[in-house]
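Below, chains carry the letters A, B, ... as their sequence lines are ordered, and counting in each starts from 1.
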Amino acid sequence: MKKINVDQIISIVSKTTKIPKKQININSKSSDFYRWDSLAQVSIIIEIEKKTKKKIKTSKIGELTSIKKIIKYLNY
Amino acid sequence: MLFHSPIFLLIFLPFVLVLYFYISKYSKFAYEYILIIAGVFFYAWWNIYLSPLIFVSIFFNFFLGNLIRKSSQKLFKKKILIISIFFNILFLGIFKYSDFVIQNINFLFNSEISILNLPFPLAISFFTFQTIAYLVDCYDGNIKKTNLTKYSLFIIFFPQLIAGPIVKFNHMMPQFQNEKNRIISHKNLIIGLILILIGMLKKIIFADNLAILANMGFENHQNLEFYGSWLTSLCFTFQIYFDFSGYIDMATGIALLFNIRLPINFNSPYKATSIIDFWQRWHITLSNFLMNCIYFPWIKSLNKINFSKAMLVTFFVFIIAGIWHGPSWLFVIFGGLHGLGLIINHLFRKIFKFKIDKYIGCFLTFNYVNLTFIFFRSDTLLESKNIIKGMLGFNGFAFPSFYEDKIYIFLILLISILITFIFKNTNYLLENLKIKNK
């Protein structure tokens with residue numbers, strides 16, 4: 001499967017939450033931004049599923065709350 | 001057997017602890033049986049005749065969990081998951097909500113169905129949610145290896161059996177299985193004992209004394225004026241905090257004696273700056289359960305997600321959270337008010353682009369939470385109404401005479417406020433002392 005890179009995830013998070021791209025980096029996590037809330041979290045996951053064609057387990061949605069965690073989950 | 005009772009602290013806990021570490025030296029798997037037997041004994045102590053219910057739940061759910069785990073057909077897995085969740089909710093419903101349902105049917109249809117007066121099995125709300133989380137994990141393929149002994153241990157581990165935290169299988173099992181955790185750690189022993197002591201102080205000194213004023217206030221709700229109403233509501237708000245967080249401290253401390261680290265369940269909730277923040281700090285494992293097992297799957301199942309739909313789901317999730325606390329419309333109101341608070345909070349974030357000052361946010365959030373706890377504690381809607389009226393000054397401003405010999409509780413309330421808002425919490429102690437746990 002094609003590996004997902006950090007920029008792709010940052011773009012999705014930025015597009016979904018309307019947080020400027022330059023404010024997000026590899027170390028960013030949901031608690032850093034009040035706009036990355038539970039509703040945004042589901043939208044991010046759905047967008048990632050669409051873009052990557054990879055199904056994310058529902059029980060993992062609440063755990064994937066940082067760029068690093070998302071990358072790790074998608075690439076392993 | 002309460003955590004702060006002498007029989008638990010002086011006989012049961014030391015006996016299990018010594019047996020656990022002593023036998024673990026000689027046998028690799030005996031620890032599982034020791035903790036299971038201890039859990040069974042602990043549970044049966046409350047009511048031996050009702051204790052088989054937890055075994056029925058364990059056997060039934062282990063069997064269904066295995067069916068889900070071992071099947072390769074997605075549709076079959078999904079059907080079994082739905083059936084198993086349905087039966088767990090039914091099991092909880094029969095014991096906890098049947099009389100509530102009958103009373104409402106009688107009220108609505110003018111019928112005279114007799115109430116069942118079924119006994120309420122201890123911890124049923126907690127182990128039902130924990131079980132559902134396990135079944136969802138089985139469905140999602142998160143549980144690779146298990147057996148009946150491990151599953152039983154996961155459900156019946158006595159430090160968290162009665163009032164949480166609601167733990168996840170994959171959080172607990174690696175800790176139980178790690179052989180290093182079966183060697184006594186003096187550091188964990190000391191920190192565990194400190195946590196038990198802190199928990200006991202919270203319960204005995206603060207919660208139990210604040211309960212005296214809170215109970216007096218709620219019993220005399222018709223006569224409460226401004227000061228009495230505020231005192232009553234504040235005393236209960238701090239009573240429930242010290243009761244629950246004291247219990248969690250004791251549970252965390254007891255588990256730590258066995259080198260097991262329970263997940264954080266409280267993180268200074270009254271310092272929350274919004275209702276969203278409050279639910280990320282208050283009963284965290286319940287919030288996580290609601291998010292992972294109800295909110296996210298529900299939202300994801302919608303055809304198109306939009307703000308209104310998400311807010312509606314949020315509201316219903318909090319109605320469920322409310323009624324989970326007990327079979328009463330007042331708990332539904334409690335949940336509904338928190339759902340409403342979250343919607344207002346989300347709307348504020350959506351409409352206004354600025355962040356509210358954290359002290360103002362904390363003040364508003366605390367007062368809103370304080371208001372919702374009036375419904376949580378009241379036995380009737382009239383009680384809540386009278387106290388809220390009193391707090392708004394509609395009942396006058398005289399000081400109630402029955403508080404006069406309870407002046408020392410005012411001091412306890414004042415110290416409670418200082419501790420809650422100024423001091424660091426026990427999680428800080430755990431983080432900074434770097435608990436030995438693999």
* To do: For S125(B), enumerate each residue passing the side-chain hydrogen bond (donor to acceptor under 3.5 Å, both in side chains) test, keeping only those at least two apart in sequence or located in another chain.
  => K96(B)
* Exceeds 12 heavy-atom contacts within 6.0 angstrom, atom CZ of F316(B) -> no
* To do: Decide if atom CZ of F363(B) counts as having more than 12 heavy atoms of other residues, nucleotides or ligands within a radius under 6.0 Å.
  => no
* Asked: Got more than 12 heavy atoms from elsewhere within 6.0 Å of CZ, F63(B)?
  -> no
Please tabulate, one pair per line, the N or O donor-acceptor pairs under 3.5 Å between chain B and chain A.
residue, atom, partner, partner atom, Å
D140(B), O, K57(A), NZ, 2.9
D140(B), OD2, S59(A), N, 2.9
D140(B), OD2, S59(A), OG, 2.4
N142(B), OD1, K57(A), NZ, 3.4
N142(B), ND2, S59(A), OG, 2.8
K300(B), NZ, E49(A), OE1, 3.4
K300(B), NZ, E49(A), OE2, 2.8
K300(B), NZ, I56(A), O, 3.3
H346(B), ND1, D37(A), OD2, 3.2
R349(B), NH1, Y34(A), O, 2.9
K353(B), O, Y34(A), OH, 3.2

* To do: Check whether I61(A) gets within reach of chain B through its side chain, its backbone, both or neither, counting any heavy atom under 4.5 Å.
  => both
* So how far is it from L39(A) CG to F296(B) CZ, rounded to the nearest 0.5 Å? -> 9.5 Å
* Would you indicate whether F348(B), at its atom CZ, is surrounded by more than 12 heavy atoms from other residues, nucleotides or ligands within a distance under 6.0 Å? => yes
